[in-house]
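Down below is the structure, laid out as structure tokens.
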Amino acid sequence: QVQLVESGGGLVQAGGSLRLSCANSGRTFSTYAMGWFRQVPGKEREFVAGISRSGGSTAYADSVKGRFTISKDNAKRTMYLQMNSLNPEDTAVYFCAARNSGYRGTSTSIKEYDYWGQGTQVTVSS
């Protein structure tokens, strides 16, 4: 079973940084292609960043490219999102997600992910 738990969210001023973590606490022996999504009230959940099962490939939304860095440590069963140069438009609930272990590559579509965390709030003040 896959059980994802996000942490690291909080309140930060514009221009600041946060590092989100997503830990898989389930009892599994598999690795997963994973991703980060975010959602604000009144809008659909949107893709932020993705990483392949091995961690060798990454993908980013244009809005965060150059500012955010996704990474993962399969041995620790943890994925990270380093967020720099934050602005108020980054304010959202950030969700960790994982694809079925049979898929190796990244995906920008929420429909391609099978497991989701509960979300962590990121608030950037102006």
Side-chain angles (χ1 to χ4, degrees):
Q1 193 80 8
V2 177
Q3 187 171 333
L4 305 178
V5 180
E6 303 96 333
S7 62
L11 176 64
V12 64
Q13 293 191 57
S17 299
L18 285 173
R19 190 188 193 194
L20 305 182
S21 298
C22 172
N24 177 15
S25 62
R27 293 179 59 85
T28 66
F29 299 94
S30 300
T31 57
Y32 306 86
M34 303 182 72
W36 290 96
F37 293 77
R38 65 187 183 187
Q39 188 169 25
V40 299
K43 299 189 68 175
E44 296 183 347
R45 191 170 300 183
E46 67 174 1
F47 171 80
V48 176
I51 189 165
S52 62
R53 193 170 67 189
S54 69
S57 299
T58 59
Y60 297 92
D62 288 341
S63 59
V64 307
K65 192 172 299 182
R67 300 187 297 121
F68 291 9
T69 302
I70 188 172
S71 62
K72 73 200 299 273
D73 187 331
N74 285 333
K76 296 181 178 179
R77 303 207 298 171
T78 303
M79 176 180 65
Y80 308 95
L81 185 67
Q82 179 65 49
M83 304 185 295
N84 298 326
S85 301
L86 287 163
N87 59 66
E89 294 178 345
D90 297 315
T91 295
V93 176
Y94 283 72
F95 295 90
C96 165
R99 304 188 72 186
N100 183 280
S101 63
Y103 300 111
R104 300 169 62 184
T106 61
S107 175
T108 63
S109 174
I110 61 173
K111 297 173 61 177
E112 298 295 329
Y113 291 82
D114 295 301
Y115 311 104
W116 294 86
Q118 82 287 349
T120 185
Q121 177 71 48
V122 172
T123 302
V124 185
S125 62
S126 59

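All values below come from the heavy atoms of this structure, side chains included, with hydrogens, waters and symmetry mates left out.
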Value rounded to 0.5 Å, distance of [atom1] in [X] from [atom2] in [Y]:
X      : Y      : atom1 : atom2 : result
Phe68  : Leu20  : CZ    : CG    : 8.0 Å
Leu81  : Arg38  : CG    : CZ    : 9.5 Å
Thr69  : Tyr80  : OG1   : OH    : 14.0 Å
Gln13  : Leu11  : CD    : CG    : 8.0 Å
Thr58  : Met34  : OG1   : CE    : 14.5 Å
Lys111 : Ser107 : NZ    : OG    : 10.5 Å

Closest contact, heavy atoms only, [X] versus [Y]:
X      : Y     : result
Val2   : Tyr32 : CG2-OH, 3.1 Å
Tyr60  : Ala49 : CD2-CB, 3.7 Å
Thr106 : Ala59 : OG1-CB, 4.1 Å
Glu6   : Cys96 : OE2-N, 2.7 Å
Gly105 : Ala33 : O-CB, 3.3 Å
Ser25  : Val5  : OG-CG2, 4.4 Å

Could you tell me whether the side chains of [X] and [Y] share a donor-acceptor contact shorter than 3.5 Å?
X      : Y      : result
Ser17  : Asn84  : yes
Thr123 : Gln121 : yes
Asn74  : Lys72  : yes
Arg99  : Tyr113 : no

TODO: For Thr91 and Val124, indicate whether the former's side chain and the latter's backbone hold a donor-acceptor pair under 3.5 Å.
DONE: yes

- [ ] Keeping the roles fixed (side chain from Asp73, backbone from Thr78), state whether a donor-acceptor pair exists under 3.5 Å.
- [x] no

Does [atom1] in [X] sit with more than 12 non-hydrogen atoms of other residues, nucleotides or ligands closer than 6.0 Å?
X      : atom1 : result
Glu46  : CD    : yes
Glu44  : CD    : no
Tyr103 : OH    : no

Side-chain heavy atoms nearer than 4.5 Å, only ILVMFWY residues, links allowed to pass through others: does that put [X] and [Y] together?
X      : Y     : answer
Ile51  : Trp36 : yes
Tyr115 : Val48 : yes
Ile110 : Tyr94 : no
Phe95  : Leu4  : no
Phe47  : Val93 : yes

Task: Listed partners of Arg45 passing side chain to side chain donor-acceptor pair (under 3.5 Å), at least two apart - done: Gln39

Open item on the list: Between Arg67 and Asn87, does the side-chain contact (heavy atoms from CB on, under 4.5 Å) criterion hold? Intermediate values first, please.
Closed with: CA-CA 10 Å; Arg67 300 187 297 121; Asn87 59 66; 3.6 Å; yes

Task: side-chain contact (heavy atoms from CB on, under 4.5 Å) evaluation trace for Asp90 with Met83 - done: CA-CA 9 Å; Asp90 297 315; Met83 304 185 295; 6.0 Å; no

